[in-house]
Amino acid sequence: MGIAIISPGRDVTVWVENIKKIDQKIRIQVYPDISDDNNVEAVILWQHPKGILDRFPNLKLVCSMGAGVDHILSDKSIPHNLPITRIVDSKLTFSMTNYVIMGVLNLHRQIDRYKSDKNRRVWDMSNPELPISVGVMGVGELGGDVIEKLQFMGISVAGLGNTIKENSGYPYFDRSRTDEFLKSINVLVCMLPLTPETEGILNIDFFRRCKKGTYLINVARGKHLVEMDLLKALDEGFISGALLDVFQQEPLPEDHPFWEREEITITPHIASVTNPEAAAPQIVENYHRMLNNQPLVNKIDRNKGY
Ligand code: NDP
């Protein structure tokens with residue numbers, strides 16, 4: 001019995017090597033060269049062809065190659081009782097936190113302004129720091145770390161989550177208090193999982209509830225943002241600019257209007273990339289736990305969708 005890796009178009013050699021390094025007895029088949037369907041007890045997925053899991057009669061475990069599981073849950077053919085795990089990794093968190101802090105500090109210390117001043121040979125010492133108050137939507141593994149590090153730096157923070165939390169150590173708002181959250185911040189960081197509730201959450205009605213001039217950072221998923229509504233919100237002044245790592249369509253099409261907008265900074269979904277060396281041990285551990293009927297680590301709640 002063994003594992004199948006299904007991630008079309010991606011070279012997964014490094015995943016195979018890292019799994020073998022831990023347990024060389026595990027038989028690994030890689031899509032599309034999966035010849036023994038009965039042998040597959042666990043799958044590791046990234047953007048798999050929908051419906052493909054029906055092929056594996058002995059499948060007992062589904063592992064995401066990344067922190068998000070939206071790419072798996074969008075496959076409605078996956079039975080509800082099949083456990084799904086995701087990657088939670090300190091290196092992934094480290095990179096994500098650094099990316100968001102980079103975005104926040106670039107705004108706070110106005111690096112774009114000084115680049116433009118330099119190009120025009122301008123020496124302008126006025127207003128060197130923009131006042132910022134950062135709100136993080138989704139304070140889980142990744143968002144929670146961003147809040148902690150920003151707080152440590154002395155930056156004003158607030159968090160928005162799904163459920164009521166006591167004693168968070170920072171101003172925390174559950175989603176029924178979204179307006180209060182939005183009125184208390186001027187930098188909005190989206191770190192939500194993509195679920196039916198959060199898809200399209202960053203839309204024009206939402207932006208109009210923000211303080212005028214709020215800056216947006218989206219590092220979660222492209223589908224959180226209604227992209228044309230961001231352009232509207234920029235034109236209306238509710239949003240002053242955006243740092244975007246994720247898009248509805250990736251790679252971002254060449255004729256997409258975002259490329260033309262000076263207020264929008266674009267990175268190609270690199271905020272935080274899964275490191276197979278760090279992820280493989282979690283997957284192997286869960287594989288062994290599954291074989292031994294032990295509780296899985298980093299298992300998602302199928303009802304919540306994250
Ligand atoms: P977690 O599951 O640990 O945290 C999710 C958080 O979102 C929880 O705090 C949850 O609240 C909150 N939440 C869920 N639904 C809502 C809602 N409707 N309204 C408000 N809050 C909500 O996820 P991670 O922090 O590990 O990851 C977040 C996402 O980041 C991933 O799903 C993935 O899509 C994205 N990502 C992007 C990467 C990139 O390179 N751009 C890399 C890695 C991840 P509660 O605690 O109350 O349940």
Side-chain angles (χ1 to χ4, degrees), residues 45-47 63-74 84-103 135-149 157-182 185 188-203 206 209 216-225 242-248 250-252 265-276 278-279 282 297-306:
L45 303 183
W46 192 257
Q47 310 294 7
C63 308
S64 172
M65 267 181 159
V69 291
D70 45 291
H71 61 106
I72 297 175
L73 294 178
S74 61
I84 299 176
T85 64
R86 69 192 192 103
I87 301 300
V88 175
D89 162 38
S90 57
K91 286 186 182 156
L92 192 84
T93 307
F94 172 82
S95 300
M96 182 57 94
T97 297
N98 285 352
Y99 180 98
V100 173
I101 288 180
M102 174 272 301
V136 178
M137 297 171 76
V139 284
E141 290 292 337
L142 300 175
D145 192 64
V146 164
I147 292 244
E148 190 186 317
K149 302 286 159 57
V157 290
L160 180 83
N162 206 9
T163 50
I164 294 169
K165 289 190 210 315
E166 307 286 342
N167 309 319
S168 57
Y170 56 86
Y172 172 83
F173 302 83
D174 66 79
R175 57 196 267 215
S176 70
R177 296 172 64 208
T178 300
D179 281 307
E180 271 176 82
F181 166 76
L182 291 176
I185 57 144
L188 179 65
V189 186
C190 178
M191 306 191 76
L192 291 167
L194 186 66
T195 67
E197 279 80 42
T198 65
E199 182 165 349
I201 194 169
L202 302 172
N203 58 49
F206 191 85
R209 290 155 70 191
L216 172 70
I217 299 178
N218 186 16
V219 285
R221 285 289 180 261
K223 286 188 178 165
H224 286 122
L225 175 65
L243 168 61
L244 305 177
D245 185 55
V246 286
F247 303 89
Q248 292 269 352
E250 296 176 4
L252 189 65
T265 303
I266 289 168
T267 56
H269 202 147
I270 46 70
S272 184
V273 179
T274 307
N275 175 339
Q282 292 180 31
V297 289
N298 303 324
K299 182 177 160 202
I300 65 130
D301 180 335
R302 287 293 295 269
N303 294 321
K304 283 170 140 181
Y306 61 93

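Counting starts at 1 for both ligands and their atoms, in listed order.
Here is the list of ligand 1 atoms found below 4.0 Å of a heavy atom in V246: 41 (N). Using a 4.0 Å cut-off to heavy atoms of K304, the atoms of ligand 1 that qualify are 48 (O). Shown in contact with T163 at under 4.0 Å from a heavy atom are these atoms of ligand 1, numbered in order with element: 45 (P), 47 (O). Distances below 4.0 Å separate heavy atoms of M96 from the following atoms of ligand 1: 37 (C), 38 (C), 39 (C), 41 (N), 42 (C). Under a 4.0 Å criterion applied to the non-hydrogen atoms of H269, ligand 1 contributes the atoms 39 (C), 40 (O), 41 (N).
Every side chain to side chain donor-acceptor pair (under 3.5 Å) that K149 has, sequence neighbours left out, goes to D145. For D89, there are no salt bridge (charged side-chain N to carboxylate O under 4.0 Å, His left out) partners two or more places apart in sequence or in a different chain.
No heavy atom of G66 sits closer than 4.0 Å to any atom of ligand 1. Using 4.0 Å as the threshold, R221 has a heavy atom nearer than that to some atom of ligand 1. In this structure, L192 has a heavy atom closer than 4.0 Å to ligand 1.
Distance NZ/K304 to OG1/T195: 11.0 Å, rounded to 0.5 Å.
Protein heavy atom nearest atom 26 (O) of ligand 1, with residue, atom name and distance: R86 NH1, 2.7 Å.
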